[in-house]
There are 2 protein chains.
Amino acid sequence: MDIRERLARNLRKMRQQKNLSQEAFAHDVGIHRTYISDLERGARNPTITIIDKLARFLGVTPGTLLDE
Amino acid sequence: MDIRERLARNLRKMRQQKNLSQEAFAHDVGIHRTYISDLERGARNPTITIIDKLARFLGVTPGTLLDE
DNA sequence: ATGTGACTCATAGTCCGTG
DNA sequence: TCACGGACTATGAGTCACA
């Protein structure tokens, strides 16, 4: 599977496990709401600094977001 | 440690383990040679598609390149 | 609460070189 | 063989209005 798709699925799942809306999640992470929406649809090709931000907030390693 | 630093170290180590020059490695992966040089010095902020390319060629998961 | 198109500005990524 | 620079084009970062 495409790496963007994997990120999309992993991100959405992990956000939902925190019971956060995209809006609340985006606010907490410090990324714009629509950007999160794009990521969860695999519509963006983010840099690793974005991955790092997400992983840190979620308390996981970057690999957890990108690996299957 | 910074995620770019981690990538830099992991990448250099894994390339050297294959006994490839930056130039040969870059050619095989399909990325420009100067870009590999930049990555190994932590001077760049690559997108996840670049990470994917590197990981596939090296036969590892993206996490192996980004996690410590 | 979320998806989407459009937009500006910064930077990812390429290609030419040099010591 | 590699670090590093300059110049360039393509695309990501970040935001908004609207459905």
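Below, read A as the first sequence line, B as the second, and so on, with proteins coming before strands; counting in each chain starts at 1.
- When each of A:S21 and B:K53 is assigned the nucleotide of DNA chain C bearing its nearest heavy atom, the one mapping closer to the 5' terminus is A:S21.
- Base engagement by A:D38 is indicated by at least one non-hydrogen atom pair under 4.0 Å involving a base atom.
- Look at B:Y35 and you'll find a side-chain N or O under 4.0 angstrom from OP1 or OP2 of C:dG13.
- Judged by distance alone, with hydrogens and angles left aside, A:R33 brings no side-chain donor or acceptor close enough to the base of C:dA1 to form a pair under 3.5 Å.
- The distance from atom CG of B:D52 to atom CG of B:L54, rounded to the nearest 0.5 Å, is 9.0 Å.
- Look at NE2 on A:H32: it is 11 Å from P on D:dG14, rounded to the nearest Å.
- Here A:I31 lies out of heavy-atom contact (under 4.0 Å) with every strand.
- Looking at heavy-atom distances under 4.0 Å, B:Q22 makes contact with sugar-phosphate atoms alone, never a base.
- Looking at which nucleotide of DNA chain D each of B:R15 and A:R44 is closest to, the 5′-most match is held by B:R15.
- Taking only side-chain nitrogens and oxygens, B:R41 comes nearer than 4.0 Å to OP1 or OP2 of D:dC4.
- Residue contacts for A:I36: at a heavy-atom cut-off of 4.0 Å it reaches no nucleic acid atom on any strand shown.
- Atom-to-atom, CD1 of B:I51 to P of D:dG12 comes out at 14 Å; the value is rounded to the nearest Å.
- The base of D:dC4 does not come close enough to the side chain of B:S37 for any donor and acceptor atom to sit less than 3.5 Å apart.
- In this model, the phosphate group of C:dG13 is approached by a side-chain N or O of B:T47 to a distance below 4.0 Å at OP1 or OP2.
- Residues B:T61 and B:T64 bring a donor and an acceptor atom of their side chains to less than 3.5 Å of each other.
- Atoms CD (B:E40) and P (D:dT1) sit 14 Å apart, rounded to a whole Å.
- To the nearest 0.5 Å, atoms CZ (A:R12) and CG (A:L7) are separated by 11.5 Å.
- Although no hydrogens or angles enter the test, the distance criterion places no donor-acceptor pair under 3.5 Å between the side chain of A:R44 and the main chain of A:Y35.
- Using a 4.0 Å heavy-atom cutoff across all strands shown, B:R4 reaches no nucleic acid atom at all.
- For D:dT1, neither phosphate oxygen OP1 nor OP2 lies less than 4.0 angstrom from any side-chain nitrogen or oxygen of B:R12.
- Distance, A:L39 CG to D:dA13 P: 8 Å, rounded to whole Å.
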